[in-house]
Amino acid sequence: MSKVVEYSPTRKLQELAQMKDQVLDHNITVSMGPQHPSTHGVLRLELELDGETIVNAVPDIGYLHTGMEKLMEYKKYQQNIVITDRMDYLNPMGNNLGYVMCVEKLLGITDEIPERAQVIRVMLTELQRIASHMVWLGTHALDIGAMSMFFYCFREREKILNIYEAICGGRMTVSYFRVGGLPYDIPDFVPGMIREFCKEFPKAIDEYKALLAGNTIFQARTKGVGIITPEDAIQWGVTGPSLRGSGVDYDVRRYEPYCGYETYDFEVPVETGCDVWSRFSVRIRELSESLKIVRQALDRLKPGSVKVDSPKIALPEREMMKHQMDALIHHFLLAGLGFEVPPGEAYHAIEGSKGELGYYIVSDGSERPYRVHVRGPSFVNLQALPVMVKGAMIADTVAVIGSLDIVLGEIDR
Amino acid sequence: MIPTGAPTLEKQQFLDEVVEVLKKAFGQAIGEIKRANRETSVYVSREKIVEVARFLRDHERFKFNFLSDLTGFDRGIDSSPRFEVIYHLLSLPNRVRLRLKVQVDEDDCTVPSVTEVWKTANWHERETFDLFGIRFSGHPDLRKILTPEDLEGHPLRKDFPLRGY
């Protein structure tokens with residue numbers, strides 16, 4: 001007969017104490033991802049752990065590398081717009097805008113883009129910022145354990161995607177902007193759809209605040225977690241809401257206004273907590289500011305042309321092609337051969353939904369770019385992750401990754 | 001028409017001043033200056049890049065405290081020097097951008113790392129090493145970052161075919 005060992009709490013504690021000494025001898029390394037649901041794609045973190053405390057974290061990226069920068073050297077300028085959609089697939093309008101504005105800078109036609117095109121560009125990129133923040137908010141809350149948020153966020157995002165679908169047929173990969181303006185005007189009923197959305201969305205923001213911001217568990221999980229000082233944030237090149245959550249007031253829309261952002265009335269939310277909660281608050285406040293810009297853009301919509309008046313760059317109107325010989329020739333040449341861009345180089349940055357989205361394009365005078373480089377905000381922001389999670393718990397890593405709002409498609413390119 | 005973000009005359013004057021001060025402080029190390037598309041590029045000799053970077057970051061008026069981008073550039077197989085490393089600096093207090101360029105030959109493809117000046121250069125330099133094969137001396141962790149470990153060659157070089165080998 002085997003001897004029955006009676007359970008003794010004291011002995012158990014002694015055993016545990018011994019085990020603890022053994023474990024403390026060395027740190028263990030755990031691989032988090034690439035299939036981990038809260039890493040937002042295929043990110044792998046090598047976590048060096050002391051118990052449950054993170055001693056060091058090393059991000060491992062590149063699982064989605066598709067050589068987009070190389071591919072862009074082989075495509076014509078207008079064809080590359082399609083590739084930019086697929087980088088940050090939650091912010092395709094922003095990616096299109098950054099790329100086409102950089103090419104426009106090289107062509108020297110930045111100031112010639114018609115006002116209507118500029119206003120529509122601003123309106124749609126701000127809607128995109130809201131849509132991108134919706135995915136961030138839903139998944140961030142989901143990672144922390146608040147599942148219902150996800151459904152409420154995707155409900156509103158769906159409305160924006162419906163607007164995009166009505167405009168250009170695409171929901172996520174829109175490819176709507178063109179070098180020289182827009183390919184075609186928005187349908188007449190779209191401003192009404194956007195107005196409807198503007199009317200409903202403030203209610204949704206209040207809902208999010210009530211559901212999540214007032215939640216004690218959510219606050220406990222985010223306040224004081226993932227701290228990065230303003231000095232560190234600048235050193236590590238963090239941009240966007242993640243930087244503004246550390247109290248640095250840097251927004252490209254304010255610093256180097258493009259598309260006429262200097263004429264819009266909006267605030268740049270800044271929080272000084274430096275933690276996950278501050279980054280959360282910044283984005284929540286940005287929702288209302290973006291909505292403010294969308295409303296102003298709606299009021300500014302006046303009839304007019306949506307593409308630059310230059311037949312060598314923008315495709316002619318369909319009607320003109322039926323009556324004018326030159327228009328047909330220009331269409332044939334543009335569609336078949338593309339346009340040539342004068343030799344030179346340009347860097348153009350816009351404020352994407354995740355931070356400074358920069359395009360650096362070098363032209364050798366042909367119809368294809370010689371070199372395209374993308375400064376993806378997620379790529380740079382992710383670099384600061386080890387600084388934020390050092391000394392935190394494993395569960396905090398999930399909250400911190402969520403607060404950085406990364407998209408792996410843009411990181412790996 | 002809405003005016004787009006054109007740099008003001010002040011910004012251009014500011015950049016001219018930066019170039020003058022750089023020329024005075026570093027003399028021969030500062031090469032050609034290019035101004036195009038309302039942007040200023042300064043060629044810096046490879047040996048002095050870290051000093052120039054630190055000088056610009058710590059200068060009491062210029063304060064180029066933010067490195068927004070760093071990338072490589074292949075000028076073509078027959079060009080000499082073949083590669084360029086391009087630094088996009090941003091001065092947050094002054095709202096001014098400046099581009100630095102370092103040229104490097106294929107035979108001796110090494111550039112001093114600026115990770116000590118801006119920590120953000122870490123991944124940018126790893127990416128440039130991975131895709132162009134430019135080595136950065138003094139980099140704390142110079143490993144491949146994007147391409148698979150068993151991939152040979154550097155994809156963004158002009159002699160690397162689009163479909164791979």
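Bear in mind the structure is a predicted one, so any value in this text is a computation, not a measurement. Just so we're on the same page: letters track the sequence lines, and every chain starts at 1. Just the heavy atoms: all of them, side chains too, but no hydrogens, waters or symmetry mates, feed the values below.
- Between the side chain of A:E73 and the backbone N or O of B:L156 there is no donor-acceptor pair closer than 3.5 Å.
- Using modelled atom types, one side-chain atom of A:Y255 and one backbone atom of B:L92 make a donor-acceptor pair closer than 3.5 Å.
- Within 6.0 Å of the NZ atom in B:K158, the count of heavy atoms belonging to other residues, nucleotides or ligands exceeds 12.
- Contacts of A:V58 with chain B are made by side-chain atoms alone, with heavy-atom separations under 4.5 Å and no backbone atom involved.
- For the atom pair B:R95 CZ and A:E256 CD, the distance stands at 9.5 Å (nearest 0.5 Å).
- Of the inter-residue distances, the one linking B:E127 atom CD with A:D412 atom CG reads 10.0 Å to the nearest 0.5 angstrom.
- Both the backbone and the side chain of B:N122 have a heavy atom closer than 4.5 Å to some heavy atom of chain A.
- Contact count versus chain B (heavy atoms, under 4.5 Å) is highest, among A:G358, A:A384, A:P59, A:G108, for A:P59.
- Rounded to the nearest 0.5 angstrom, A:I234 CD1 and B:K119 NZ are separated by 12.5 Å.
- For B:L90, the part sitting under 4.5 Å from any heavy atom of chain A is the side chain, from C-beta outward, and nothing else.
- Heavy-atom contacts from other residues, nucleotides or ligands closer than 6.0 Å to CD of B:E152 number 12 or fewer.
- Across all non-hydrogen atoms, the minimal contact from B:L146 to A:I411 is CD2-O, 3.9 Å.
- Using a 4.5 Å cut-off between heavy atoms, A:V362 touches chain B through its side chain atoms alone.
- Annotation for B:G72 and A:R371: closest pair O-NE, 3.0 Å, computed over non-hydrogen atoms.
- Remark: A:D309 CG is loosely packed, at most 12 non-hydrogen atoms of other residues, nucleotides or ligands lying under 6.0 Å away.
- Here the CZ-CG distance, from B:R75 to A:D364, works out to 13.0 Å after rounding to the nearest 0.5 Å.
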Might you work through the ring pair (Phe, Tyr, Trp, His ring centres under 6.0 Å) test for A:F379 and B:H124, ending with a clear yes or no? CA-CA 9 Å; A:F379 178 81; B:H124 287 304; 5.7 Å; yes

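- Neither the backbone nor the side chain of B:R126 has a heavy atom closer than 4.5 Å to any heavy atom of chain A.
- A salt bridge links A:E356 with B:R97: at least one charged nitrogen is closer than 4.0 Å to a carboxylate oxygen.
- Between B:E39 and A:K105 a salt bridge is recorded (basic side-chain N to carboxylate O distance below 4.0 Å).
- Both the backbone and the side chain of A:E69 come within contact range of chain B, judged by heavy atoms closer than 4.5 Å.
- Contacts between A:L64 and chain B at a heavy-atom distance below 4.5 Å are absent for every atom of the residue.
- Proximity to chain B is limited to the side chain of A:Y360, based on heavy atoms less than 4.5 angstrom apart.
- No part of B:R163 comes within reach of chain A, as not one of its non-hydrogen atoms sits under 4.5 angstrom from that chain.
- A:K76 NZ: more than 12 foreign heavy atoms inside a 6.0 Å radius.
- Contacts between A:E345 and chain B at a heavy-atom distance below 4.5 Å involve backbone atoms as well as side-chain atoms.
- Closest heavy-atom contact between B:F66 and A:R375: CE2-NH2, 3.9 Å.
- The closest side-chain heavy-atom distance from B:L131 to A:K70 is not below 4.5 Å.
- Looking at A:Y347, the atoms closer than 4.5 Å to chain B (heavy atoms on both sides) sit in the backbone and in the side chain alike.
- In this structure, B:E47 places its CD atom where more than 12 heavy-atom neighbours from other residues, nucleotides or ligands lie under 6.0 Å away.
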Working for side chain to side chain contact (heavy atoms under 4.5 Å, CB included), residues A:H65 and B:T147: CA-CA 7 Å; A:H65 181 62; B:T147 58; 4.0 Å; yes

Decide yes or no on side chain to side chain contact (heavy atoms under 4.5 Å, CB included) for A:W236 and B:W118, but give the supporting numbers first. CA-CA 7 Å; A:W236 284 101; B:W118 299 286; over 6 Å; no

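- Counting heavy-atom pairs closer than 4.5 Å to chain A, the top-ranked of the candidates B:P155, B:P148, B:S68 is B:S68.
- Interface check for chain A: of the options B:D130, B:D74, B:L70, the most heavy-atom pairs under 4.5 Å are formed by B:D74.
- Atom OG1 in B:T128 sits 7.0 Å away from atom NE2 in A:H373 (nearest 0.5 Å).
- Rounding to the nearest 0.5 angstrom, the gap separating the OG1 atom in B:T120 from the CG atom in A:D232 is 12.0 Å.
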